[in-house]
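Here is the structure we will look at.
Since this is a predicted model, take the numbers as computed values, not measurements. Labels below follow one simple rule: chain letters A, B, ... track the order of the sequence lines, proteins then strands, and each chain is numbered from 1.
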Number of protein chains: 2
Amino acid sequence: MRQERSGKLSVNSLGFALLGLLARERLSGYDLKRRMGREVGNFWSASHGQIYPELARLEGDGMVSHELVEQRDRPDKKVYEITPAGLAALGEWVTAPVEPRVTRDELVLKAYSMWLAKPEEALALFGEHERLHEERLARYEEIGAWMEAEWGDDLDRLDSPRFASYATLMRGIMHERGYAEWCRWLAGRISARLERRERAPENG
Amino acid sequence: MRQERSGKLSVNSLGFALLGLLARERLSGYDLKRRMGREVGNFWSASHGQIYPELARLEGDGMVSHELVEQRDRPDKKVYEITPAGLAALGEWVTAPVEPRVTRDELVLKAYSMWLAKPEEALALFGEHERLHEERLARYEEIGAWMEAEWGDDLDRLDSPRFASYATLMRGIMHERGYAEWCRWLAGRISARLERRERAPENG
DNA sequence: TGCTATTATGTCAATCTTGACATATATATC
DNA sequence: GATATATATGTCAAGATTGACATAATAGCA
């Protein structure tokens, strides 16, 4: 969602994702892509084909500036920095109202038509996703434990980016936990029905 | 995600959402839009500006057919019906692998930068969303209770569309429950910190 | 020297999605 | 008669997103 701003300036969600990362440290487009995968990957993502043009737009709007950094062991890079204007825009946006958008979820969409499926195949599908979300949950919980151990005191400071990172990670943990639970519930229902069928094939 | 199919035929997720609805009953584009809001709105959505062209594409691919129905008290309408080919495509797609896509969530994206916000404003934002998701949760739970009471026996039949509807509703319930919980957790952290600040203004 | 992988930045076509624009019928209300 | 609302179907421009195409420097290895 592109936010209307005074006159012609506007920044979309991806722009604010990039600003959110740049508010913490100076980064190149390449590094932003990698951070996107780790820190932010839980609730936003973008390909580099989207990031580079967006950085150019942000720079055109005065939200970021860049410095060319020459490297010996690697290709040179552009290191971006958030400007005071960018920081101000980000700060304004943070608590501006959000209209909640529908979360599109193809697996749930499939569940809606699973009465047409072979139960064994449905079981395999939801079982696989249960494992997938359990895996992610375990990874997030590890990171959470690490944050609590390493960042302990900062996690109580509302003005600390670490607290903010921890809060988004908590959302990831709760999401994965709930999603895995749903897959497990559904797979359980399917396998229970399959077992009953095996014991009494007439009622299948 | 558009699925590659033998030759040139292809149906995207929206197409399968429409086929999933039409596999249950014959519907007009206008009715599909409404069903989209209710049954499917929990995990997919589309504007009518997307639905009408998609129906035309589906018909061009032989997935649906339509009949013009004249009405006295209202404008005439096109009632769509799924074809055997459409049903086959839907059945194949249901258990085909899904590559999980990042759920983009603007509120979590804001949480990532909330260390820049005034705590009172952040509290208001997350408190508002807690209420919003609690409201949705209550609505979904009501529908769930109604389904259990009215559809009881069907909810054990894997081949029943009612079971499938119930399964997707359960995902909605779990999602809203988890989301509200996260908002509550976050709002609680913020207000706890605010209270401490009030008691000891020097440490703010 | 050739091959591969990583870092680094960019463009572009195709597709998806939103929100506005557009039109028309029938009912209800003022 | 005028106006508003619900039903009903469509188009279209702008923006968001993906995935491919494209280029280049550096390092490591055979």
Between E59(B) and H66(B), do the side chains contain an N or O donor and an N or O acceptor separated by less than 3.5 Å? yes
Report the relative orientation of the aromatic rings in W151(A) and W146(A); use parallel for angles under 30°, tilted for 30 to 60°, perpendicular for over 60°. perpendicular
Between K77(A) (NZ) and dT26(D) (P), how many Å, whole number? 15 Å
Rounded to the Å, how far apart are L14(A) CG and dC16(C) P? 20 Å
Mapping Y52(B) and D76(A) to their closest nucleotides on DNA chain D, which lands nearer the 5' end? Y52(B)
In whole angstroms, how far is the P atom of dT18(C) from the CG atom of N12(A)? 15 Å
Just how far is it from atom CD1 of I190(B) to atom CD of E120(B), taken to the nearest 0.5 Å? 10.0 Å
What pairs meet the salt bridge (Lys or Arg N to Asp or Glu O under 4.0 Å) rule with one or both residues in residues 40-52 of chain B, with sequence neighbours excluded? none
I51(B) CD1 to dT11(D) P: how many Å, rounded? 14 Å
Any R104(B) side-chain nitrogen or oxygen under 4.0 Å from OP1 or OP2 of dT18(D): yes
Hey, are R24(A) and S165(A) close enough side-chain-wise for a donor-acceptor pair under 3.5 Å? yes
Along nucleotides 20-30 of chain C, 5' to 3', which nucleotides get a B, which get an S, and which get a -, given that the test is a protein heavy-atom distance under 4.0 Å? -----BSS---
Does the side chain of R104(A) pick up a donor-acceptor pair with the side chain of S45(B) at under 3.5 Å? yes
Heavy atoms from C-beta onward define the side chain here; which of dG10(C), dG10(D), dG19(C) lies closest to that of K78(A)? dG10(C)
Spacing between R57(B) atom CZ and dT17(C) atom C1', to the nearest angstrom: 12 Å
Can you tell me how far C1' of dG10(D) sits from CD of E59(B), to the nearest Å? 14 Å
Taking dT17(C), dT17(D), dT18(D) as options, the one with an atom nearest any side-chain atom of Q50(B) is dT17(C)
Judged by modelled atom types alone, do Y179(A) and D105(A) share a side-chain donor-acceptor pair under 3.5 Å? yes
Rounded interatomic separation in angstrom, taking CZ from R101(A) and C1' from dG19(C): 10 Å
CD of E54(B) versus P of dT15(C): gap in Å, rounded? 12 Å
Rounded to the nearest 0.5 Å, how far apart are NE2 of H175(B) and CD1 of I173(B)? 13.0 Å
Which residue in the set E181(B), E128(B), E176(B) passes side-chain hydrogen bond (donor to acceptor under 3.5 Å, both in side chains) when paired with H133(B)? E176(B)
Ordered by number, residues from residues 23-36 of chain B within less than 4.0 Å of DNA chain C (heavy atoms) are none
